[in-house]
Amino acid sequence: MLNYVIKRIISMIITLLIIVTITFILMHLVPGGPFTDSERALSPAVEQALMEKYKLNDPIWKQYLEYIKGIIRFDLGPSYAYTGRNVTDLIKNGFPVTAKLAVISFVLILIIGVPLGVTSALQHNKFMDRLIMVFSTLGVTIPKFVIATLLLFLFAYKLKWFPIFGAESLKSYILPAIANALASIAYITRLNRSSMLEVLEQDYIRTARAKGVKGYKIVYKHALKNATIPTVTVLGTQMVTLLSGSFIIEKIFALPGIGRYFVQSVSNRDYPTIMGVTIFFSFMLLLMTLIVDIAYGYLDPRVRIQKTSKGDK
Amino acid sequence: MTRDIIKVKNLKISFFTHLGEVQAVRGINFHIKNGEVLGIVGESGSGKSVTALSILKLLQYPGVIKNGEIVFGGEDLVKKSENEMNKKIRGNKISMIFQDPMTSLNPVFKIGDQITEAILIHNKISRKNARKKALEMLELVSIASPEIRVNNYPHELSGGMRQRVMIAMALSCQPDLLIADEPTTALDVTIQAQIILLLKELQRKTNVSILLITHDLGVVADICDRIIVMYSGLLMEEGSTRDIFYNPLHPYTKGLLKAVPTPEISKENRLLTIPGKPPELLNPPTGCPFAKRCPYVMNICTRQLPPKFRESEHHYTMCWLLHPSCPIKD
Ligand SMILES: Nc1ncnc2c1ncn2[C@@H]1O[C@H](COP(=O)(O)OP(=O)(O)O)[C@@H](O)[C@H]1O
Ligand SMILES: [Mg+2]
């Protein structure tokens, strides 16, 4: 297992390096520098001074090397828009908010999606199943910003159960997390339902019944572990959905997370922030995928074996 | 005379599908004596598996036991509740092994744990003792280095070994009856023989009664005391293994015997099967279901279902050819 993890970490570093390079190149290919903004209309002298200050007159390869060196020291360079602040600081500032939103969304997916899917499967073609399927179809198809706006209007503005903006208490995260997770919950529900239905048809379930295992134990012991394997494999992609969703969600609910900085940095042509946030998110996603893969191996021994050793005899 | 361990009386099983009622088993009677090995033979679709599953009441929707009694230990299993079946019968008094050992074990649990689970359900013993018992069972089914194998997952074992594990699990609570539904069909020929030999040995050691289901008469010859031949949900012939092999009465049984591979017969001929297909079970014919494929078919065969004719004390067949006034004699 350790071998496998080390291999994965090395490949993660390489992937990250490629992402950094591509982001870096893209940022330098975009026409217009950070200070060539017609609205702000800087005098050539000031612009020159700024270019000098941020070392933008250096050759590209030198800037690139400096940037890589910075990353190794967890220094993502200064922000152009927030003068005097570091991109690393911005991320540090926003991360707790974004992380809280992601974790709550993630927990919602698991504690709602999995049981709903299982319930649906056990009530196959009965009323409950139909009801859950209708809602999950809606959940998958309605865009996040629509759900977010609806929730905000209904529960924060009309009913006043939740604050309209800010991140003061845990309560402030509930509506954003629901809006962010709803599509994933719906997706996981459907996935769990179909995998549970499939698993319940398997021969080993019949074997368990023939042994005298009780009905509920067949579900939560013999079927559930098998049925959640597909769920675990898609958790990585669901993380992507959650994190990229948090950009809009943070904006709509005015949560001071990384996503909000990112949206602002794009309109500000704040290249270091764009790059820094992109790289940081890539890193987080790679890390999640690694964790998910390890969890997958834990759930499914067939995978674990392939990863740990070549021969199993 | 030894007593009957199980007695199945006029068992009828139907599947209520959206197309209508599929009559998978249409009234069969049989019994198994204590320590006896009974074979059920018949082409695929004759209702063998459904019969076996109904004994443990494991039929799945839309299949139901429509009629009949399954008398076991003085009680009718058909009337037993799900809870009673789980507590006293399934895996305890009657256990079952299946056709495909590759898919019959749960892939995410160690085989030791799967055997231990069966033991713990039916015995009030500690987990430690149950594990010890599981080890003994693996040893009993001749699995090499059982102390390593208990910690293996099913995918780490070959098909033959997995079927041995299934047998170990099935026998772990000393059942009175073991139902084996085509236990060798999915295995290589050499492994098939090993598994049959193992069952035979274990039968002698434990005196468990066995209901052995197969579509291949070659498999049952060695191990069965008696054989019943099923076709289209009916019991066509019943007799001792000797009777069935040396004095088959029903044309269907004769046809099945021709399909048994023997060393002398070349490869092309060995897959000789009875021409034609079994009848539709949605609307079974009024007469003998085999009439359409039978080389000796007579007028009466298509009109009326034959009764059971007795040839000798334990040898019965359901065929008009045995009627005293039948013109065809051989
Ligand atoms: N789930 C089902 N739905 C409808 N009919 C079924 C179902 N399962 C079995 N049957 C019917 O029962 C018959 C007997 O099946 P089975 O007992 O599996 O045959 P076999 O002798 O090959 O074991 C089949 O031919 C089929 O018509
Ligand atoms: Mg079958």
Side-chain angles (χ1 to χ4, degrees), chain A residues 1 114 118 121-126 129 192 195-233 294-313, chain B residues 49 52-53 55-61 82-110 113-122 148 151-158 162 165-166 169-170 172-173 175 178-179 181 186:
Chain A
M1 199 65 190
V114 175
V118 171
L122 295 179
Q123 301 282 316
H124 190 204
N125 281 341
K126 297 200 185 118
D129 179 31
N192 255 281
S195 69
M196 192 69 182
L197 283 176
E198 202 187 309
V199 166
L200 288 173
E201 293 282 303
Q202 296 299 309
D203 288 349
Y204 54 80
I205 296 298
R206 189 183 53 193
T207 305
R209 299 209 303 141
K211 276 200 283 195
V213 182
K214 288 195 192 85
Y216 67 90
K217 224 175 165 186
I218 291 206
V219 173
Y220 82 75
K221 184 172 172 192
H222 287 263
L224 197 57
K225 204 172 167 194
N226 285 287
T228 45
I229 290 172
T231 305
V232 173
T233 61
I294 292 170
Y296 181 35
Y298 166 74
L299 269 178
D300 191 343
R302 286 162 295 191
V303 179
R304 198 186 316 163
I305 286 300
Q306 284 165 16
K307 283 174 179 173
T308 43
S309 64
K310 278 134 224 129
D312 55 316
K313 286 285 131 61
Chain B
S49 297
L53 288 171
I55 294 177
L56 279 177
K57 301 230 288 178
L58 290 177
L59 283 176
Q60 291 274 52
Y61 175 87
E82 190 67 4
N83 194 21
E84 279 177 297
M85 286 302 292
N86 278 335
K87 273 206 179 118
K88 297 189 187 130
I89 307 293
R90 293 178 185 149
N92 190 26
K93 291 272 172 60
I94 305 177
S95 51
M96 186 160 177
I97 61 173
F98 301 94
Q99 176 164 343
D100 195 349
M102 304 311 270
T103 55
S104 292
L105 288 162
N106 197 325
V108 300
F109 296 114
K110 293 174 182 169
D113 292 339
Q114 298 191 47
I115 301 173
T116 309
E117 182 184 30
I119 298 170
L120 284 174
I121 291 174
H122 302 292
I148 296 170
N151 289 320
N152 278 169
Y153 287 93
H155 72 271
E156 298 172 84
L157 308 181
S158 67
R162 289 192 217 184
V165 171
M166 284 297 291
M169 192 157 80
S172 63
C173 299
L178 171 68
I179 303 172
D181 188 359

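Treat the numbers as computed from the prediction; the structure is a model and nothing was measured. Throughout, protein chains are lettered first and strands after them, A, B, ... in sequence-line order, and every chain is numbered starting at 1.
- The distance from the CG atom of B:N106 to the OG1 atom of A:T207 is 8.5 Å, given to the nearest 0.5 Å.
- Residue contact with chain B, scored on non-hydrogen atoms closer than 4.5 Å, involves the backbone and the side chain of A:V213 alike.
- The CD atom of B:E156 lies 11.5 Å from the CZ atom of A:R302; values are rounded to the nearest 0.5 Å.
- With a 6.0 Å cutoff to the six-membered ring centre and a 45° limit on the axis angle, A:R206 counts as a cation-pi contact of B:F98.
- Looking at B:I89, neither its backbone nor its side chain comes within 4.5 Å of chain A, counting heavy atoms on both sides.
- For the set B:L56, B:I94, B:V108, B:D100, the entry with the most heavy-atom pairs within less than 4.5 Å of chain A is B:V108.
- Within 6.0 Å of NZ in B:K57 there are more than 12 heavy atoms belonging to other residues, nucleotides or ligands.
- The local environment of CD in A:E198 is sparse, with at most 12 non-hydrogen atoms from other residues, nucleotides or ligands closer than 6.0 Å.
- For the atom pair CG of B:N86 and NZ of A:K214, the computed distance is 7.5 Å after rounding to the nearest 0.5 Å.
- Put simply, the side chain of B:S104 never gets that close to the backbone of A:D203: no donor and acceptor are under 3.5 Å apart.
- Under 4.0 Å is where a charged nitrogen must lie from a carboxylate oxygen, and between A:K221 and B:E117 at least one such pair does.
- A:P301 and B:P107 make their closest contact through CG-O, 3.1 Å (heavy atoms, listed as atom of the first residue, atom of the second, distance).
- Nearest heavy-atom pair, A:G212 versus B:I121, reported as atom, atom and distance to 0.1 Å: O-CG2, 3.8 Å.
- Atom OH of B:Y153 is separated from atom CG of A:D300 by 9.5 Å, given to the nearest 0.5 angstrom.
- Heavy-atom pairs under 4.5 Å with chain A peak, among B:M85, B:M169, B:M102, B:K88, at B:M169.
- Contact of A:I229 with chain B is made through the side chain alone, with heavy-atom distances under 4.5 Å.
- For A:K211 (side chain) and B:Q114 (main-chain N/O), a donor-acceptor pair under 3.5 Å exists by modelled atom type.
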